[in-house]
Amino acid sequence: AMAISDVGLPGEVPWKKMSAEELENQYRPSQWVVRLGAEEALRTYSQIGIEATRRARATRKSLLHVPYGDGEGEKVDIYFPDKAAEALPFFLFFHGGYWQSGSKDESAFMVDPLTAQGVAVVIVAYDIAPKGTLDQMVDQVTRSVAFVQTRYPSNGGIYLCGHSAGAHLAAMMLLANWTKHGVTPNLKGFFLVSGVFDLEPIMYTSQNIALQLTLEDAQRNSPQLKVAQAQPVDPTCRVLVVVGQFDSPEFHRQSWEFYQVLSTQTLCQGEWKASFEQLHDVDHFEIVENLTQKDNVLTQIILKTIFQ
Ligand SMILES: N[C@@H](CC(=O)c1ccccc1NC=O)C(=O)O
């Protein structure tokens, strides 16, 4: 098969040396699940998300479908801890699904263990493709963060977490121009779970049928390329980049290289307190499914980061 492109230094951008078929495979997370077949892995993920959401809505104090903008799709679900407290920490979750599937209504995975420990959890909806473009999704997510800060100005910190495509959206918040939104959110941490930070390879996969990214769109929306232009944040703000052991080599490379660019910046400007974790024995879907469990490694990392 023909390579996509022969430009770039050998070893530096390995995806440019891949056949179209190999690239497609690297960017299809369900193909890398070892415990189940691809279809069953996707079905299980969706079932666990639906069940966690049903349970969260039945057992937690919540505000559902709260608008953060005028658009039909611009809604959040907010889940509260049982005990009222001042300076509640807020944890926002951006679901994955390659910017073209998933919804807030099946993504309340972490609500039970986090609200039990005193964290308010906000599950954010955004307009997936083809209705929404990447630029619109980034703008929506930015407004959802501004909304939480405006509505809860005495929050005890805002933590952003995204999975896969949602980790991309969360990472774009490192670049947001908050003055344009009239509010500076009290950002204290980012949890970027199995994310994509350089969108260019996505253009050459079937994911781009719905996304219709041009090279300019991909570059403008790639935190890997743009993070050098990031706005300064609270010097105590942490950025955790995590990937699952069974994520594909391209997903590992994406996370590692984004962590590298963040930590280089830390040296230059002293801004990002970045760390990198490869989570043992989990794939692209289990890494989030396990957030339903209070004793899971990532749940514990999140709680420790919030309450350190
Ligand atoms: N069509 C993809 C699905 C996928 O990538 C995905 C599904 C649910 C949550 C996150 C995903 N990946 C990135 O956003 C696959 O077969 O793996």
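Start at 1 and go down the list; that is how both ligands and their atoms are numbered.
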More than 12 heavy atoms of other residues, nucleotides or ligands under 6.0 Å from CZ of R55: yes or no? no

Do any side-chain atoms of residues 168-186 form donor-acceptor pairs under 3.5 angstrom with protein atoms, and if so which ones, sequence neighbours left out?
unit_1	atom_1	unit_2	atom_2	d
H168	ND1	W99	NE1	3.3
H168	NE2	N221	O	2.6
N177	OD1	T179	N	3.4
N177	OD1	T179	OG1	2.7
N186	ND2	N155	O	3.4
N186	ND2	N155	OD1	3.1

Within the protein, residues bringing a heavy atom under 4.0 Å of ligand 1, chain by chain: R28, P29, S30, L42, Y45, G96, G97, Y98, H163, S164, A165, H284, F285

Pick out which of R54, K75, R57 makes a salt bridge (charged side-chain N to carboxylate O under 4.0 Å, His left out) with D105. R57

Would you say D139 and T142 are linked by a side-chain donor-acceptor pair, where the criterion is simply a distance under 3.5 Å? no

I'd like to know whether the aromatic ring centres of Y45 and F109 sit less than 6.0 Å apart in this structure. yes

Side-chain H-bond candidate by donor/acceptor type, S30 with H284, under 3.5 Å: no

